[in-house]
There are 2 protein chains.
Amino acid sequence: MAVEELPESKCDVLVIGAGPAGLMLAAWMARCGINARVVDKRGTKIFSGQADGLQIRSLEIFDSFGFCDRAWKEANHMIEMCMWNPGEDGVIRRSDRVPDVPVGLSRFQQIVLHQGRIERFFLDHIKKHSKDTLHVERGVLPETLEIDDRSVDDHAPDSYPITVKLRHLADEEATPAQSNGSTVQDGLFRSNLAEDDTDDLIRKSRGKEGTAEIVRAKYMVGCDGAHSWTRRQLGFQLEGEPTDFIWGVLDIIPITDFPDIRMRCAVHSASSGSLMVIPRENKLVRLYIQLTEIKPDASGRADRSQITPEIIIKAAQKIIAPYKLTYEYCDWWTAYQIGQRVGTNFDHKSRVFLCGDAVHTHSPKAGQGMNVSMQDAYNLGWKLGLVVKGIAQPRILRTYQSERRRIAKDLIEFDHKFSRLFSGKPAKDVLDAEGVSMAEFKDAFLKGNMFASGLSVDYGASMLIAKEGDPTEQGDGTDVSSKIQIVGKQQLASNIKIGMRFPSVKVLNQSDARPWEFQEKLRSDGRFRLIVFAGNILSGSQKMRLDSFCDKLSSSAFLKSHLYKDIDILTCHSAKRTEVELLRDFPDILHPFNDRTGWDYDSVYVDDESYHEGYGDAYGNYGVDRKGGCVVITRPDQYVGFVGRLEGDGFADVEAYFKGVFV
Amino acid sequence: MAVEELPESKCDVLVIGAGPAGLMLAAWMARCGINARVVDKRGTKIFSGQADGLQIRSLEIFDSFGFCDRAWKEANHMIEMCMWNPGEDGVIRRSDRVPDVPVGLSRFQQIVLHQGRIERFFLDHIKKHSKDTLHVERGVLPETLEIDDRSVDDHAPDSYPITVKLRHLADEEATPAQSNGSTVQDGLFRSNLAEDDTDDLIRKSRGKEGTAEIVRAKYMVGCDGAHSWTRRQLGFQLEGEPTDFIWGVLDIIPITDFPDIRMRCAVHSASSGSLMVIPRENKLVRLYIQLTEIKPDASGRADRSQITPEIIIKAAQKIIAPYKLTYEYCDWWTAYQIGQRVGTNFDHKSRVFLCGDAVHTHSPKAGQGMNVSMQDAYNLGWKLGLVVKGIAQPRILRTYQSERRRIAKDLIEFDHKFSRLFSGKPAKDVLDAEGVSMAEFKDAFLKGNMFASGLSVDYGASMLIAKEGDPTEQGDGTDVSSKIQIVGKQQLASNIKIGMRFPSVKVLNQSDARPWEFQEKLRSDGRFRLIVFAGNILSGSQKMRLDSFCDKLSSSAFLKSHLYKDIDILTCHSAKRTEVELLRDFPDILHPFNDRTGWDYDSVYVDDESYHEGYGDAYGNYGVDRKGGCVVITRPDQYVGFVGRLEGDGFADVEAYFKGVFV
């Protein structure tokens, strides 16, 4: 059949791949109300195995969408990390216990839950927020990609420079045998299949099986994994090398006398390799097991076809001896060889983007893969949404590669260090320079924790991040400079770092005294937020400053068209809750009146003590002056774009920031 | 049609009515795996209005079923109660602020959410735990009830003494116009209808409309409201009187300058009556408004047909003046006259039971109705479940009336006092003996808070409650005595009161260091729990005591057949977590081994500090000796049945307790 004869349709954004990165992109599309399509070549979502670790920043993101509670409830919580090493007699013993994540870092800690459930939460969220119009189309394979070079730089609303031919697979094509893992069914055990997943077990026939179609799109995102079809069409490379380390993975219900089987453990044996224990939900434990007896061939690749669960458990038994370890139930297993690579490009002319494994591959053991992949898409999705809707300037799309390729490089560097320490033989003594010192391992683990939490991400200067320095140097080299680079006043909010995510502290709603994590109010709804730290409004001079700022805000013609629709306003003051009143003491613009629903009671908060949940000390923890306050701008992804003054040039900077972003 | 010609079927338990009480009963039926039917004459569940307050004990119960998180997330949280009273000039002003529930009472506080959502949570829970076999049959009306007096006292498994004729209503009969309320539809506002409720809007046709059938049942429960058909068939009465106070209720999105509209408020006006403000979810506020201008007629009843929302809002405007109050959106409204009545009987020969409004009616303003009704059914459901399954002796069913009729009487007494203080005119000054003193009102509110939380319930001695005193006197007069009344040793756990619900404190799982509210481990799964406070097991003598107790437990032929199946075992010790190990230090019976899933890691807990959630000090807070410990038995509804020693007669008492309960 010639291309011209195929049915043709248009969409604004075409997403290839519906793993965690593709679903995160789709979630933004649903939240922003974008005409998007999401296709995946597999016939169903996954139901076991794959990724499992959820770091703190991912949980904050889930919370901003409103479904963190589901993950928190179902997951296993990892509290303590135990390190096991050989003693002088060569027998392993516990040498250390440390908290799995640093104490006091966040209201969340690291949890573990298999990828299939996370996909479920996204699918439910997308269904709800798209009003059941955005579905993952499964068993759909992209076959050709053409990009019209004439219109690619033209971000006009009617420009569809991308043409993709999609083929709808027949059922048997859509459910290929997995090459690197298999699900073991066993009716005697509680199945991993949750009841709300049952529907997805059966691929829904749409009557299109075996047909092809042409889709014209404004933008396209490849979330199609390490072997990304999209990346190959664009001719982009992954740079880096495989290593000699080969690992097996078992998801089992262990039968063992090893005392720390429900703790996260790093076990270094004297000469049989290393093992990592990751306790999971539903009595499962994931074991990462170094397969020291399987060697790569001359090409540097190991023959994985010879690896079986029996070989993997035997390797584990050697490492964990003298403790016993067997299993009756295996939920999933696989084997892999670590390859640490980063994509050369994340972006083709701000029209086609790559997210997740398509642009970075590394060891799974630090639990980073799914998280960094989702966070790629979380960074890109709102930018695409705002540009498609004609709200934001297309040039903000350049910040995607600048911000995320830099993170990917940091990730590979972290993984390189961590996996070497983890895969290496333990040093016999202090003179053993070849071996890995256990003190060094512990130290690396503790330092790596901050990185692994996802909270250390610090985006460089750009039109979206008003801070000092060279935008090109602070990113991956992409030019993301502004004509006029605004620079925020970091010292006004010393712990609300420009470029980092807005941290959370407990505050109270002024109107009903209910405590909230302030970050919970920064929902992922596609809006920027102007956060007014109003200070002590019982002081006459401070009240004048606040009123003056709000007057300017009310009378700005540019901002007026964006207020509440594209820019939400939140206020946090530092006077005593019971000494001020919403209607009497706060300018209307901070709690707007609606003819049919009255005053808004959800926008003004106070830094005061709660009855039941302690005192957040927001001003103290944020490093904001209690009297004078300040203003903060956060992007739709909760990253801090600007910090400035209520008085003086503060308002002009706020206006200039948004003029640099909006059309 | 003659009765003989109708289709006939059998079930173990027939539940009449699917409001909160009926659904709670059904939840137990699902959890216990009972062959039950639940019928309701209405065509659909409710979608707005009705009850809304959820007290702490109800939330603990929801948590024990596993769905408290849904209510907690959707509900409005009530934090502060504000009292408004006339000043000397007759103008209302805020005289007091108090926390809505006492600080430190529970991990929960009082929340507000409309009854329809609570019904949704129950329906989902019943579906899940009955594997979709137990459904509420809507539009089904009971028409006749016959009880076979020959077999009523015979609790043999094949005895079905109850015969009920059910009629399946035609569609138009099943959706009658409501006499005391109406839902106002308004597309401009967010509908109260949550997406997961949509299915229930349409009554499912089962092809039985207009037909009748005969059901033979072993047991029957009437949860059919204040006008209970079941109660009338049994000829039981409600005792008590209506009052002169007539109230209107509005669920509106208020447009107002009243500063405390998002607080719970009691407003006493000088001479226009009283008003209560209950802030709700989705911007709604419920107002209870005294209608002083509408008087009862000679019969003591008011003509409610003359009452409209316009009349109610006008009354509210007078009370709340000089503040303005209007609305554009009304979600629901009604009017009622307080009647305070208690049923003479809750139980007919331990075969037919009455729950909820069928046996107690009172003012809605203290937010007690739905809670006490659900708690009736929560008390009854597991007893019925265990008796139907042949596990427990039928005589435990007598404790239902003994325990719950006593509570109903306490409730009416509380309501009588509270509604008099609330409906009465405020005293002009200290010499005004007719008026209500605002100091007295505040005092009554604070004292009533403990009762209103639902946590003060203290069941009397019976075969289920091993405490001192006269079982007849401590209940409602029903004989619930045992042949040998065991008496627990309260002093061994001074804050785990025999007869009251097991309180919650944070403990850590010994195996993975995760903090849990200990009460969360007392799931509503139909099992009793033996809670072993093992004390400091690092002490040799204490370890011997523990081992000796566990040896007796393992070798008891009577208990062996019930262990884990009907009696779960939980352990909490007081040694340092890191100094003990599950497999090495604890008898196997406390963490049993399974051939296919290995050791149980979810039964042994420790009173130690957590990394991220503080220190629960379980032994200190429970009043248990850190060295010597004790044992506690809780019933399937979390009420404490027994406290005793690990050593001496402790085990014999434990065995005797269960011999008094199980068949």
Side-chain angles (χ1 to χ4, degrees), chain A residues 66 69-70 72-73 76-80 97 99-101 103-107 109 127-128 131-132 186 188-189 195 253-257 259-264 279 283 326-329 508-515 578 581-584 593-599 601-602 610-612, chain B residues 66 69-70 72-73 76-80 97 99-101 103-105 107 109 127-128 131-132 186 188-189 195 253-257 259-264 279 283 326-329 508-515 578 581-584 593-602 610-612:
Chain A
D69 53 329
R70 295 184 69 183
W72 193 252
K73 186 175 183 179
N76 187 55
H77 293 216
M78 293 211 295
I79 307 295
E80 195 169 78
R97 298 177 190 263
D100 184 64
V101 300
V103 171
L105 198 57
S106 164
R107 64 195 185 278
Q109 292 96 44
K127 180 176 178 176
K128 176 176 172 181
K131 299 198 168 62
D132 210 9
D186 187 330
L188 284 174
F189 291 91
E195 77 219 89
I253 299 182
I255 300 176
T256 183
D257 57 357
D260 288 349
I261 196 68
R262 296 301 306 170
M263 298 292 187
R264 183 175 174 196
K283 295 182 189 287
T326 61
Y327 65 89
E328 289 280 315
Y329 176 71
L508 310 185
N509 184 310
Q510 170 63 36
S511 302
D512 66 10
R514 178 170 175 185
T578 52
E581 278 184 10
L582 185 71
L583 271 56
R584 187 187 64 199
F593 184 81
N594 176 296
D595 284 346
R596 308 209 69 196
T597 59
W599 294 102
Y601 296 103
D602 295 321
S610 70
Y611 286 119
H612 308 285
Chain B
D69 52 329
R70 295 184 70 183
W72 193 252
K73 187 176 181 176
N76 188 54
H77 293 216
M78 293 211 294
I79 307 295
E80 194 169 78
R97 298 177 189 263
D100 184 65
V101 301
V103 171
L105 197 58
R107 64 195 185 277
Q109 292 95 45
K127 180 177 177 175
K128 176 177 172 180
K131 298 199 169 60
D132 211 8
D186 188 329
L188 284 175
F189 291 91
E195 76 217 270
I253 298 182
I255 301 176
T256 183
D257 57 357
D260 288 349
I261 196 69
R262 296 300 308 170
M263 298 292 188
R264 183 177 174 194
K283 295 181 188 289
T326 62
Y327 65 87
E328 290 279 317
Y329 176 70
L508 310 184
N509 183 310
Q510 170 63 35
S511 301
D512 65 11
R514 177 170 175 184
T578 54
E581 279 183 11
L582 185 71
L583 271 58
R584 187 187 64 199
F593 184 81
N594 176 296
D595 285 346
R596 307 208 69 195
T597 59
W599 294 102
D600 173 20
Y601 296 102
D602 296 321
S610 71
Y611 286 120
H612 308 287

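Sequence lines set the chain letters: A, B, ... in the order given, protein chains first and strands last, and positions in each chain run from 1.
Using a 4.5 Å cut-off between heavy atoms, B:Tyr327 does not touch chain A at all. Contact annotation for A:Thr578: both backbone and side-chain heavy atoms come within less than 4.5 Å of a heavy atom of chain B. For chain A, no part of B:Asn509 is nearby; none of its heavy atoms comes within less than 4.5 Å. No part of B:Leu508 comes within reach of chain A, as not one of its non-hydrogen atoms sits under 4.5 angstrom from that chain. If you measure heavy-atom distances from B:Tyr611 to chain A, the contacts under 4.5 Å come from both the backbone and the side chain. Both the backbone and the side chain of A:Asp257 come within less than 4.5 Å of a heavy atom in chain B. At a 4.5 Å heavy-atom cutoff, the contact between A:Asp595 and chain B is made by backbone atoms alone. Only the backbone of B:Pro254 comes within contact range of chain A, with at least one heavy atom under 4.5 Å from a heavy atom of that chain.
Per-residue heavy-atom pair counts under 4.5 Å with chain B were compared for A:Ser511, A:Gly66, A:Ser610, and the maximum is reached by A:Ser511. Between chain B and the options A:Ala513, A:Pro99, A:Gly598, heavy-atom pairs under 4.5 Å are most frequent for A:Pro99. Note on B:Glu581, B:Arg584, B:Glu80: by heavy-atom pairs under 4.5 Å with chain A, the leading option is B:Glu80.
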Check the pair B:Trp599, A:Ile261 against side chain to side chain contact (heavy atoms under 4.5 Å, CB included), reporting the backbone distance first and the verdict last.
-> CA-CA 10 Å; B:Trp599 294 102; A:Ile261 196 68; over 6 Å; no
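Here the shortest heavy-atom pairing between B:Ile79 and A:Pro515 reads CD1-CD, 4.1 Å. Counting all heavy atoms, side chain and backbone alike, A:His612 lies closest to B:Gly104 at ND1-N, 4.4 Å. For the residue pair B:Arg596 and A:Ile253, the shortest heavy atom distance occurs at O-CG2, 4.4 Å. When every heavy atom of B:Thr256 is checked against every heavy atom of A:Leu583, the shortest pair comes out as O-CD2, 4.0 Å. Residues A:Asp512 and B:Arg262 approach most closely at CB-O, 3.1 Å, considering heavy atoms. Shown here for A:Trp72 and B:Arg514, the closest heavy-atom pair between the two residues is O-NH2, 4.4 Å.
We find the CG-NZ distance between B:Asp602 and A:Lys283 to be 5.5 Å, quoted to the nearest 0.5 Å.
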